[in-house]
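First the proteins, then the strands, lettered A, B, ... as listed; each starts at 1.
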Number of protein chains: 2
Amino acid sequence: MGITKSEEFTAQQNEVAAIAKALGHPARVAIMQFLMGVDSCICGDIVNELPLAQPTISQHLKELKNAGLIQGSVEGNAICYCVNHETINRFLGVVTLFQSKKKFKSACC
Amino acid sequence: MGITKSEEFTAQQNEVAAIAKALGHPARVAIMQFLMGVDSCICGDIVNELPLAQPTISQHLKELKNAGLIQGSVEGNAICYCVNHETINRFLGVVTLFQSKKKFKSACC
DNA sequence: TTTCTATATTGCAATATTACGATATAAATT
DNA sequence: AATTTATATCGTAATATTGCAATATAGAAA
């Protein structure tokens, strides 16, 4: 079908999946790393940094924004993007728990 | 096109994206949480836990395995899956860095 | 060896994603 | 006002994902 049965899962599972999905493209990982590295939250320099056309970058930024991973603010005729720490923290919190709390290894693995 | 320009990005960016992509579906988040919760690395109980058909679960497990997030071992005629901690650690390491190390907030956000 | 149980694979329809040229929008500059 | 600069949106082709019925595989039990 190509359609996810979202309603069958919890809100947290859907949110974590949405964030992970947004990070599930190397260009978007590169954008996050770029935003981390620059001192001010530089805007369209991302387009110059990445090997993709401007509309493609714009689309990737939109997806990161929809997932709550970044936010943008208008600066003159440019737009300034930066990382949204709360979202990343929430995501890290859940993924960290994937490290099971078992003290002993299971029999099989 | 629907095809990602992987060769334009670093191996690390591609690996992180692949792991994130594997976590980018609520069913696969649910599987990871289930594996974390059970004491032994229970196998096909996942099929009973999740609201999806057996072939669909099998496909999701395959994707988690391909991304290195879980591993399976044969136990009689069943298969026992469990979490691969190294992969999760590697992923957490990179995503944690998305929390920029800036001491001061930028002007715009 | 037939049957049962557990899991994987195949095939396919519905839908989503990726990439980008063309074009729109909107503020800054001339 | 016309032009430049920065970003977003639209439209579309190529490809990927999701879900499952049907079927295959393989070990266990009868």
Side-chain angles (χ1 to χ4, degrees), chain A residues 1-9 13-14 17-31 34-35 40-67 70-82 108, chain B residues 1-9 13-14 17-31 34-35 40-67 70-82 108:
Chain A
M1 297 178 182
I3 193 165
T4 294
K5 287 181 140 187
S6 318
E7 72 291 346
E8 302 276 8
F9 300 95
Q13 284 163 347
N14 279 300
I19 295 169
K21 196 173 186 177
L23 293 176
H25 191 289
R28 296 195 290 264
V29 172
I31 289 171
F34 180 77
L35 287 179
S40 86
C41 50
I42 304 289
C43 346
D45 301 334
I46 300 167
V47 175
N48 298 322
E49 276 295 309
L50 297 200
L52 293 171
Q54 178 269 321
T56 309
I57 302 286
S58 191
Q59 195 173 273
H60 283 309
L61 287 168
K62 194 180 182 183
E63 273 165 66
L64 287 171
K65 202 160 68 174
N66 284 343
I70 61 173
Q71 52 195 134
S73 61
V74 180
E75 289 282 297
N77 66 339
I79 299 211
C80 175
Y81 283 105
C82 53
C108 52
Chain B
M1 300 177 180
I3 193 165
T4 295
K5 288 180 141 186
S6 319
E7 71 291 347
E8 302 277 5
F9 301 95
Q13 285 163 345
N14 279 301
I19 296 170
K21 194 172 187 178
L23 293 176
H25 190 290
R28 296 194 290 262
V29 171
I31 289 170
F34 180 76
L35 287 178
S40 88
C41 50
I42 303 292
C43 348
D45 302 335
I46 300 167
V47 176
N48 298 321
E49 276 295 309
L50 298 199
L52 294 172
Q54 178 268 323
T56 309
I57 302 287
S58 190
Q59 195 174 274
H60 284 310
L61 286 169
K62 194 180 181 183
E63 274 166 65
L64 287 170
K65 202 159 69 175
N66 284 343
I70 62 174
Q71 52 194 135
S73 60
V74 180
E75 288 282 297
N77 66 339
I79 298 210
C80 174
Y81 283 105
C82 53
C108 52

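Shortest non-hydrogen contact noted between Ala67(A) and Ala18(A) is CB-O, 4.0 Å. For the residue pair Pro26(A) and Asn14(B), the shortest heavy atom distance occurs at CG-OD1, 3.4 Å. Across every non-hydrogen atom of Gly72(A) and Lys65(A), the tightest pair is N-CD, 4.2 Å.
The interatomic distance linking Ile46(A) (CD1) with dT5(D) (P) rounds to 20 Å, in whole Å. Rounding to whole angstrom units, NZ of residue Lys21(B) and P of dT15(D) are separated by 14 Å. Distance CD1 (Ile3(B)) to P (dA14(D)): 12 Å, rounded to an integer number of Å. Between the P atom of dT17(D) and the CG atom of Leu64(B) lies a distance of 13 Å, rounded to the nearest Å.
Looking only at side-chain heavy atoms (C-beta outward), Leu23(B) and Ile19(A) stay at 4.5 Å or farther from each other.
Across all strands, Glu63(B) comes closer than 4.0 Å only to sugar-phosphate atoms, never to a base (heavy-atom distances).
One distance of note links SG of Cys80(B) with CD of Gln71(B); it measures 9.5 Å at 0.5 Å rounding. Annotation: the span from Lys21(A) atom NZ to Thr4(A) atom OG1 amounts to 5.0 Å, rounded to 0.5 Å. To the nearest 0.5 angstrom, Ile31(B) atom CD1 is 5.5 Å from Ile46(B) atom CD1.
For DNA chain D, the residues of residues 47-59 of chain A within the heavy-atom distance limit of 4.0 Å (strictly under) are Gln54(A), Pro55(A), Ser58(A), sorted by number.
Both His25(A) and Val74(A) lie near DNA chain C, and the one whose nearest nucleotide falls closer to the 5' end is His25(A).
One finds a side-chain N or O of Lys5(A) lying less than 4.0 angstrom from the OP1 or OP2 phosphate oxygen of dC20(D). The side chain of Tyr81(A) contributes an N or O atom lying less than 4.0 Å from OP1 or OP2 of dA8(D). Remark: His60(B) is in phosphate contact with dG19(D), judged by side-chain N or O atoms under 4.0 Å from OP1 or OP2. Checking the phosphate oxygens (OP1, OP2) of dT9(C), a side-chain nitrogen or oxygen of Lys62(B) falls inside 4.0 Å.
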Filtered N/O pairs between nucleotides 4-6 of chain C and protein, under 3.5 Å:
residue: dT5(C); atom: O2; partner: Asn77(B); partner atom: ND2; Å: 3.2

Compile the donor-acceptor pairs under 3.5 Å between side chains in residues 47-61 of chain B and protein atoms, sequence neighbours left out, one pair per line.
residue: His60(B); atom: ND1; partner: Arg28(B); partner atom: NH1; Å: 2.9

